[in-house]
Student: 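One structure, as structure tokens, below. Some questions next.
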There are 2 protein chains.
Amino acid sequence: MITIQDVAHRAGVSAMTVSRVVNNQARVALATRQRVQQAIKDLGYVPNGLARGLLQGRSRTIALVVSDISNPFFTLIARGVEDVAQRCGYAVILGNSDETVEKERQYINVMLENRVDGLLIAPAGRGSRKVLDSLKQSGTKFVLIDRHVEGIMADLVEGDNVAGARQLTAHLLSLGHQRIALVNGSLEVSTARDRLLGYQEALQAVGIQPDLVRIVGNSYKRESGRGAARELLLLPDEQRPTAIVATNNFLAVGVIEALRESSVRVPEDMAVVCFDDIELASALDPFLTVVVQPARTFGTLAAQFLIDRLRGEEDIAPRRVILPPELSVRASCGARLRRPPHG
Amino acid sequence: MITIQDVAHRAGVSAMTVSRVVNNQARVALATRQRVQQAIKDLGYVPNGLARGLLQGRSRTIALVVSDISNPFFTLIARGVEDVAQRCGYAVILGNSDETVEKERQYINVMLENRVDGLLIAPAGRGSRKVLDSLKQSGTKFVLIDRHVEGIMADLVEGDNVAGARQLTAHLLSLGHQRIALVNGSLEVSTARDRLLGYQEALQAVGIQPDLVRIVGNSYKRESGRGAARELLLLPDEQRPTAIVATNNFLAVGVIEALRESSVRVPEDMAVVCFDDIELASALDPFLTVVVQPARTFGTLAAQFLIDRLRGEEDIAPRRVILPPELSVRASCGARLRRPPHG
DNA sequence: AAACTCTGCGTTATCGTTAACACTTTAGTC
DNA sequence: GACTAAAGTGTTAACGATAACGCAGAGTTT
């Protein structure tokens, strides 16, 4: 491994001078600078970030902890984060909590060991409060993405989940549906609670009892959506819903898989709507009616907030940004005749 | 920041003893060990990975550089990498090259500064050779994922792109298509070259001139697919293809968007097939006929290879694993009647 | 009881970089 | 020409952890 000493020796200067050249500081004679740069090139010197980080107390690295990067929603967030981080000279370390507080805790710990300068977290649940509290206490900067946690005051970028769920439900109501079921993730997660609320509000506003709620234990997983839909199909005809609101894309896919299994047509026999778009799927076939959240913006904003803090905005009050979702009406709600999807 | 010294002081021992406790080494009396553990807990001590890394010459971090994490193919790779890395105690730093050699070079450099122990790279093109050579020379371990580079001997996990393209093309031939176009990414990338080859082989085997090739400049982007398809549609009827092989999922989506624009039905008026599944889209509606690559396995295998090397298998000859793709026949090729997609 | 072994701990030096300070030399001022 | 200022460079000491070695005391062997 080539060190700054090696470069210094080759260029006939001290390590300090090399350091100054590397960091573009003034007070180095042009000739010296060029000699050093040549030596750096010759030897292929790459500064040791660990040593620098140790000394300066920062690593120019941030962490991103989400539940599952393979969910397109989080993928887009990651992409947004990455773009901003890169522009600002930060590297991004990734972690998947799989909606588990314990795995989340482990990851955060690893990241603290790696001395990330700050973290972006989509907390796995209310149980995340403990870790977040300890982060707070240790003065580690972090920003919450997509989900809040009761009692944790921190920068936050999330969607308006109540309004989104209200919109989805109201849209189904406007199409004449009366028995609308909700397939929801674990209420550990704030988005699930808020989406439940929006659903309830919309139904109560028109005097319907919101009792067709299925809350799956394993938050936001495809398999859970399948199970919930199967249950709903077992209901006697007069109780069976005519429409389903899935509170995220994974659940919706599971729901649709279960419906297909039982030869229930969408939207003819059952309308289905959900949160969060699946971008490529929609491009291929604009089928699923969803409320789209600006996921990439979640990422860029959150990263920006974090980096702002790292750059010294210590004591500004936490910022909370709530981005509005947008209803995208497509085929699966039955709002319009199903058109030939491809062509 | 709490250091090992602070803990040592509180527990009434030397830093060395604390270090031994933290690293689970023997030769510490039980009573002492417990006292130290208590102190660690009390103070909330987290070992400083930078310091440790500096001393030991490794960071327990690996890098993953792909062209675009928002492509589901790479997302799955990332997920696979992450799983293995986590189990083996490594953190993963992510980078998107956007198919640009220059951006790739920058990322790799940042990662070298961060002293990653090794890298997983899906190289942006032939131009990546330079960086990879210098990695090689500096003794940095890396594994190529999904793409090889002429002249670079390194561990490699990729798909059988020639066979995959051959299968796709042969399948279209078996359905009676004679004029089959290829919409391909930049030949900078090995997958594009191999897929072109497979396409040519399949056509030449039945005596058809493979001349309906569109190679887009901007490798594997949706917009490029759209442009290429538009061009194909401008051809006079007797030259216009009746089927299109897109060499990746993004291109296929673009192609289909362009076809829809012009009210060309898929598969009735134009068959479309491509490389790489879009998992959620297929679950929602098994529409696109594709050859599926085991992307997640790409990730787990490559990560495993890298970590094996890091653990000391210095001088084993580079391993090259070529995983077979699997043809998944669905609607877009017209192989079977279009069935009602949802229900 | 002398010689050895093993346990349980501490000391010292080091990883690569840079902040803070110190030292020359040259240029500029009166 | 003495004095100050600035430019250009070097020295020293730290950042936090641990490898290598050292050393006291208890236990074991001969």
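What you see is a predicted model, and the numbers here were worked out from it, not measured in a lab. Every chain is numbered from 1 and lettered A, B, ... according to where its sequence line falls, protein lines coming before strand lines.
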Student: Would one find a side-chain N or O of B:Q56 under 4.0 angstrom from OP1 or OP2 of C:dC15?
Tutor: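 No, B:Q56 has no side-chain N/O under 4.0 Å of OP1/OP2 on C:dC15.
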
Student: Salt bridge or not between A:D6 and A:R10? Use side-chain N to carboxylate O under 4.0 Å.
Tutor: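 A salt bridge is absent here (no side-chain N lies under 4.0 Å from a carboxylate O).
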
Student: When all nucleic acid strands are considered with a 4.0 Å heavy-atom cut-off, which category describes B:V18: base, sugar-phosphate, or nothing?
Tutor: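 Nothing: the residue B:V18, judged by heavy atoms under 4.0 Å, touches no strand.
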
Student: State plainly whether the residues B:R60 and B:D117 are in salt-bridge range, i.e. N to O under 4.0 Å.
Tutor: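 No salt bridge links B:R60 with B:D117.
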
Student: Would you kindly give the CG-to-P distance between A:L55 and D:dG16, to the nearest whole Å?
Tutor: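 To the nearest whole Å, that distance equals 9 Å.
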
Student: Separation of A:E113 atom CD from D:dG16 atom C1', in whole Å?
Tutor: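 About 13 Å, once rounded to whole Å.
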
Student: Need one value for A:V13: base, sugar-phosphate or nothing, where a base atom within 4.0 Å counts as base even if backbone is also close, heavy atoms only.
Tutor: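 If one applies the 4.0 Å heavy-atom cut-off, A:V13 turns out to touch the sugar-phosphate alone, with no base involved.
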
Student: Relative to the 5' end of DNA chain C, which residue comes earlier, B:M16 or B:L54, by the nucleotide with the nearest heavy atom?
Tutor: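 Nearest-nucleotide comparison on DNA chain C picks B:M16.
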
Student: Separation of A:M1 atom CE from C:dT14 atom P, in whole Å?
Tutor: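 That distance rounds to 20 Å.
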
Student: In terms of side-chain heavy atoms of B:V28, which of C:dT18, D:dT9, C:dC9 is nearest?
Tutor: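 Between C:dT18, D:dT9, C:dC9, the one nearest the side chain of B:V28 would be C:dC9.
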
Student: Given atom CZ of B:R52 and atom P of C:dT14, what is their separation to the nearest angstrom?
Tutor: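 Atom CZ in B:R52 sits about 22 Å away from atom P in C:dT14.
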
Student: Has the side chain of A:R20 got a donor or acceptor that lies under 3.5 Å from a partner of the other kind on the base of D:dG10?
Tutor: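 Under the 3.5 Å cut-off, the side chain and the base do form a donor-acceptor pair.
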
Student: Report the distance from atom CD1 of A:I4 to atom P of C:dA19, rounded to the nearest whole Å.
Tutor: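 A:I4 atom CD1 is separated from C:dA19 atom P by 11 Å.
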
Student: Output yes when at least one side-chain N/O atom of B:N48 is less than 4.0 Å from OP1 or OP2 of D:dC15, else no.
Tutor: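 Checking B:N48 against D:dC15: no side-chain N or O falls below 4.0 Å of OP1 or OP2.
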
Student: Side chain to side chain contact (heavy atoms under 4.5 Å, CB included), that's the test. Do B:L310 and B:I62 meet it? Break it down for me.
Tutor: CA-CA 10 Å; B:L310 297 180; B:I62 61 177; 4.0 Å; yes

Student: State whether A:S14 places a side-chain N or O below 4.0 Å from either non-bridging phosphate oxygen (OP1 or OP2) of D:dT11.
Tutor: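 False: A:S14 side-chain N/O out of range (4.0 Å or more) of D:dT11 OP1/OP2.
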
Student: Within this structure, what is the CD1-to-C1' distance between A:I40 and C:dT17, rounded to whole angstrom?
Tutor: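 Those two atoms, CD1 and C1', are 13 Å apart.
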
Student: Does a salt bridge link B:E102 with B:R105, judged by any charged N lying under 4.0 Å from a carboxylate O?
Tutor: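 Answer for the salt bridge query: yes.
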
Student: Between the side-chain atoms of A:R115 and the base atoms of D:dG16, is any donor-acceptor pair under 3.5 Å?
Tutor: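 Per atom types, no contact qualifies.
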
Student: Over how many whole Å does the gap from B:Q5 atom CD to D:dA17 atom P extend?
Tutor: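 Whole-Å distance recorded here is 8 Å.
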
Student: Can you tell whether the side chains of B:E99 and B:R147 come within less than 4.0 Å, N to carboxylate O?
Tutor: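 Here B:E99 pairs with B:R147 in a salt bridge, since their nearest N and O are under 4.0 Å apart.
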
Student: State whether A:T3 places a side-chain N or O below 4.0 Å from either non-bridging phosphate oxygen (OP1 or OP2) of C:dC15.
Tutor: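 A:T3 to C:dC15 OP1/OP2: no side-chain N or O under 4.0 Å.
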
Student: Rounded to the nearest Å, what distance is computed from the CG atom of residue B:N114 to the P atom of nucleotide C:dG16?
Tutor: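 Taking atom P of C:dG16 as the reference, CG of B:N114 is at 17 Å.
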
Student: Within the pair A:T17 and D:dG10, is there a side-chain N or O less than 4.0 Å away from OP1 or OP2?
Tutor: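 Indeed, a polar side-chain atom of A:T17 lies that close.
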
Student: B:R27 side chain N/O closer than 4.0 Å to the phosphate oxygens (OP1, OP2) of C:dG8?
Tutor: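 So the side chain of B:R27 is outside the cut-off, no N or O lying under 4.0 Å from OP1 or OP2 of C:dG8.
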
